[in-house]
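First the structure, in the form of structure tokens, and then the observations on it.
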Amino acid sequence: MARARNMKNSFMTMTPSPFFHLFSVSPFASLLVSPKSPRNHHKNLTPKSIALFFISLLVTFTFLGISILNLITTYQYPPLPCSVVSSSSPFSQLPLHYSQLLLASLASTDSNNGDGDDHDEPRLGSSVMVPLPAHVVVGNLSEEEREFWEQPDGEGYKPCLDFSIGYRRKSAKISKEKRRFLVVVASGGLNQQRNQIVDAVVIARILEAALVVPVLQVNLIWGDESEFEDIFDVKHFKRTLQADVRVVSSLPSTHLMSRQTIENQIPYSVSPLWIRASFSRSLNEEGVLVLKGLDSKLSKNLPPDLQKLRCKVAFHALRFAAPIHELGNRLARRMWIEGPYVALHLRLEKDVWVRTGCLTGLGPEYDETIIKVRESQTVYLTGKLNMSHVQRRFAGLCPLTALEMARFLKALGAPGNARVYIAGGQPFGGHLGLQPFAAAFPNLVTKEMLAHEGELSPYINRSSAMAAIDYIVSLNSDVFVPSHGGNMGRAMQGHRAYVGHRKHIRPNKRAMLPFFEHSSISDTEFGGIMRKLHKKSQGQPEPTQPRYNKRDRDVTAYPVPDCMCKHR
């Protein structure tokens, strides 16, 4: 018995209660450890000691209450650490240990989702899509080739989605909203739809409304009838955002017959104030608000918490549906296991030439075909209608042709035997469209070449699923280069920055194209010019400046400094 008692005392000494010290530092402690003698104890019970006892009791429980509240707050919203991967990890070349990232707002749960979903607290580290490690390229390489494969310096920036106290306080009410619902119809291709879904979540938060899982409009160009759950993981989307916005699969029966206001004439770059002033009243009265044509309508310059919410949606909540995610990862591993590779988003599809108003570079016969389609479907021509195709090209509004991309990559130091993954649809002109590039870089790979028999069959004629697979394989590449700006290029730029500033080269078309016209420039001189022009646009963080000096930049393409901070 004595031994058992000693063991118990030893344990209590090693693991004291966190609240015991609150008593030991107050006058109340003297009463807890007062002598056991009844006579002495009786003697101390004077009016003065009784008053002191009650004052001590009040102070002690005040501190105790504050401590408990602090512990609860810390549990619900722990700080987001910026840790580095252990060198023993198979992903030791990655700059972030995402398994340690836990966003504070995910700690709260919503027991009233209405869909019976599992509400286990998700970890942000497991929700972000992290690429395989970049290869360490060794061997007999030229200085230019070594520089081409070298990854940029991330300067210690890590994700830090630390929402403010005010944002968190509002979350308890907003995440349980059951009376007002926002419905958003997203249009366009995959990455255009992603942008609209991100803004839909932010607008729901601004209006303090529940969000119905966004509706994907049938794509008129590709005829893709995919729904949200065909492309994205709905359950993961809801769980990741459960502390920010309540997301439901459909309108409740009480709102199905409600008069629904459909808004599709939203001006560009609207502010949260404009959103509230324009929609709050009708939403309160009718209970349902439907928004269409949301692309690029919400301002890029939002308060810090809403910018962080954009990053949370784009990089954490919008995870691809499991079948697409798994297939994309399988193809990426098959590409990665063979060594370093370049992912090239080569925009040579027929619809791209129609929409941009540019020449294909394939000859008069192909250009004439595009011109006829463009004249019959003028609705697809985007912006700058009064510019000629030459003016468009030198303004940087045209995709680089296959020949221009080949010359550009060679100038940057890409070796001729580099493996190049081609992301994008079927080039206009078929094999002829790719021939100039294939002549310079013969090791071309597509998802059709990587896939085993039958793996892509479920996604035939489903352009969004095919684009999602391209997205995954491109994210895992050592170097990513888009031939045209667009939504895919911006999405990949931001995602690669968020997971450790993987190399992403943005062609500066306005600056570089005039040099393509000078045949007198030698290849050596041309290469030096191209590398100098693009030295500061290869995926490294840009100099930190206040947001007002970087207005109108999409935070999901430029996550520094709103969503990433330097390691402390």
Side-chain angles (χ1 to χ4, degrees), residues 84-96 130-155 329-346 400 402-423 434 436-447 449-450 470 472-483 492-493 496-497 499-507 522-540:
V84 181
V85 180
S86 167
S87 60
S88 62
S89 167
F91 294 94
S92 60
Q93 296 180 59
L94 290 178
L96 299 178
V130 182
L132 295 165
H135 293 84
V136 177
V137 181
V138 295
N140 187 20
L141 302 175
S142 67
E143 183 180 347
E144 291 77 17
E145 290 172 342
R146 195 179 307 277
E147 183 180 324
F148 178 79
W149 292 116
E150 185 180 5
Q151 294 298 316
D153 180 7
E155 300 178 13
N329 283 337
R330 283 202 301 273
L331 300 190
R333 285 193 295 271
R334 291 170 194 167
M335 191 74 187
W336 183 88
I337 201 68
E338 298 294 331
Y341 68 96
V342 182
L344 181 62
H345 192 222
L346 200 56
L400 295 175
L403 180 60
E404 290 168 340
M405 279 302 301
R407 194 177 178 194
F408 177 59
L409 284 185
K410 287 183 69 176
L412 292 179
N417 64 351
R419 295 161 58 249
V420 181
Y421 178 83
I422 301 295
L434 274 178
F437 189 86
F441 297 94
N443 293 328
L444 299 184
V445 184
T446 64
K447 52 185 170 291
M449 296 169 64
L450 286 173
D470 279 338
I472 296 171
V473 181
S474 296
L475 182 66
N476 283 276
S477 66
D478 295 83
V479 181
F480 177 80
V481 188
S483 68
M492 195 56 56
Q493 174 184 330
R496 291 173 73 88
V499 295
H501 289 94
R502 293 288 283 267
K503 194 160 196 173
H504 174 284
I505 302 173
R506 301 192 313 272
S522 67
D523 289 344
T524 302
E525 185 180 2
F526 182 78
I529 293 172
M530 291 300 107
R531 289 192 294 275
K532 184 176 180 180
L533 283 175
H534 296 86
K535 191 173 183 63
K536 295 183 178 180
S537 58
Q538 300 195 17
Q540 65 269 45

(message) According to side chain to side chain contact (heavy atoms under 4.5 Å, CB included), who are the partners of Asn417, at least two apart in sequence or on a separate chain?
(response) Pro415, Asn443
(message) To the nearest 0.5 Å, what is the distance between CG on Leu475 and CG on Asp470?
(response) 12.5 Å
(message) With a 4.5 Å cut-off on side-chain heavy atoms, are His345 and Val481 touching?
(response) no
(request) Using the ring of Phe526 (Phe, Tyr or Trp, six-membered ring only), decide whether Arg407 places NZ or CZ under 6.0 Å from its centre and within 45 degrees of its axis. (result) yes
(request) Hey, could you give me the CD1/OG1 distance between Ile529 and Thr524, rounded to the nearest 0.5 Å? (result) 11.0 Å
(message) If the condition is salt bridge (charged side-chain N to carboxylate O under 4.0 Å, His left out), which residues does Arg334 pass it with, not counting sequence neighbours?
(response) Glu455
(message) Has Arg419 got a side-chain atom pairing as donor or acceptor with Gly339's backbone, closer than 3.5 angstrom?
(response) yes
(message) List the residues meeting side chain to side chain contact (heavy atoms under 4.5 Å, CB included) with Leu434, not counting sequence neighbours, and say none if there are none.
(response) Leu346, Leu348, Pro427
Show every donor-acceptor pair shorter than 3.5 Å between a side-chain atom in residues 147-154 and any protein atom, with sequence neighbours excluded, or say none if there are none.
unit_1 : atom_1 : unit_2 : atom_2 : d
Gln151 : OE1    : Lys503 : N      : 2.9
Gln151 : NE2    : Asp478 : O      : 2.9
Asp153 : OD1    : Glu155 : N      : 2.9

(request) Could you tell me the separation between the CG atom of Leu141 and the CZ atom of Arg146, rounded to the nearest 0.5 Å? (result) 5.0 Å
(message) Between Lys447 and Val473, is there a side-chain heavy-atom distance shorter than 4.5 Å?
(response) no
(message) Counting C-beta onward and ignoring hydrogens, is there a side-chain heavy-atom pair between Gln493 and Arg506 closer than 4.5 Å?
(response) yes
(message) Please enumerate all residues that pass side-chain hydrogen bond (donor to acceptor under 3.5 Å, both in side chains) together with Arg496, with sequence neighbours excluded.
(response) Ser477
(message) Please report the interatomic distance OG(Ser474) to OH(Tyr341), rounded to the nearest 0.5 Å.
(response) 7.0 Å
(request) Quick one: list whatever passes ring-ring contact (aromatic ring centres under 6.0 Å, His included) with Tyr421, sequence neighbours left out. (result) none
(message) Any heavy-atom pair between the side chains of Pro507 and Pro482 that's under 4.5 Å?
(response) yes
(message) Between Val342 and Phe441, is the side-chain contact (heavy atoms from CB on, under 4.5 Å) condition met? List the steps.
(response) CA-CA 11 Å; Val342 182; Phe441 297 94; over 6 Å; no
(message) Let me confirm one number: the CG-CG distance from Leu344 to Leu444, rounded to the nearest 0.5 Å.
(response) 9.0 Å
(message) Tell me every residue that passes salt bridge (charged side-chain N to carboxylate O under 4.0 Å, His left out) with Lys410, counting only those two or more places apart in sequence or in another chain.
(response) none
(message) Under the rule for side chain to side chain contact (heavy atoms under 4.5 Å, CB included), what residues qualify as partners of Glu404, not counting sequence neighbours?
(response) Arg393, Leu400, Thr401, Leu513, Phe516
(request) State, to 0.1 Å, how close Ala440 and Ala406 come at their nearest heavy-atom pair, and which atoms those are. (result) CB-CB, 3.9 Å
(request) Over all heavy atoms of both residues, which pair between Asn476 and Trp336 is shortest? Give the atoms and the distance, please. (result) O-CD1, 4.2 Å
(request) State the NE2-CD1 distance between His135 and Ile337, to the nearest 0.5 angstrom. (result) 7.0 Å
(message) Less than 4.5 Å apart, side chain to side chain, heavy atoms only: is that true for Ile505 and Phe480?
(response) no
(request) Taking the side chain as every heavy atom from C-beta outward, state whether Leu450 and Val445 have any atom pair closer than 4.5 Å. (result) yes
(request) State which residues pass ring-ring contact (aromatic ring centres under 6.0 Å, His included) with His534; sequence neighbours excluded, sorted by chain then number. (result) Phe408
(request) Please report the shortest heavy-atom distance between Lys536 and Gln540, naming the atom on each side. (result) CA-NE2, 3.2 Å
(message) Less than 4.5 Å apart, side chain to side chain, heavy atoms only: is that true for Gln538 and His504?
(response) no
(request) Not counting sequence neighbours, which residues clear side chain to side chain contact (heavy atoms under 4.5 Å, CB included) with Ser142? List them please. (result) Glu144, Glu145
(request) Might you point out which heavy atoms bring Met530 and Ala411 nearest each other, and give the distance in Å? (result) CG-CB, 3.6 Å
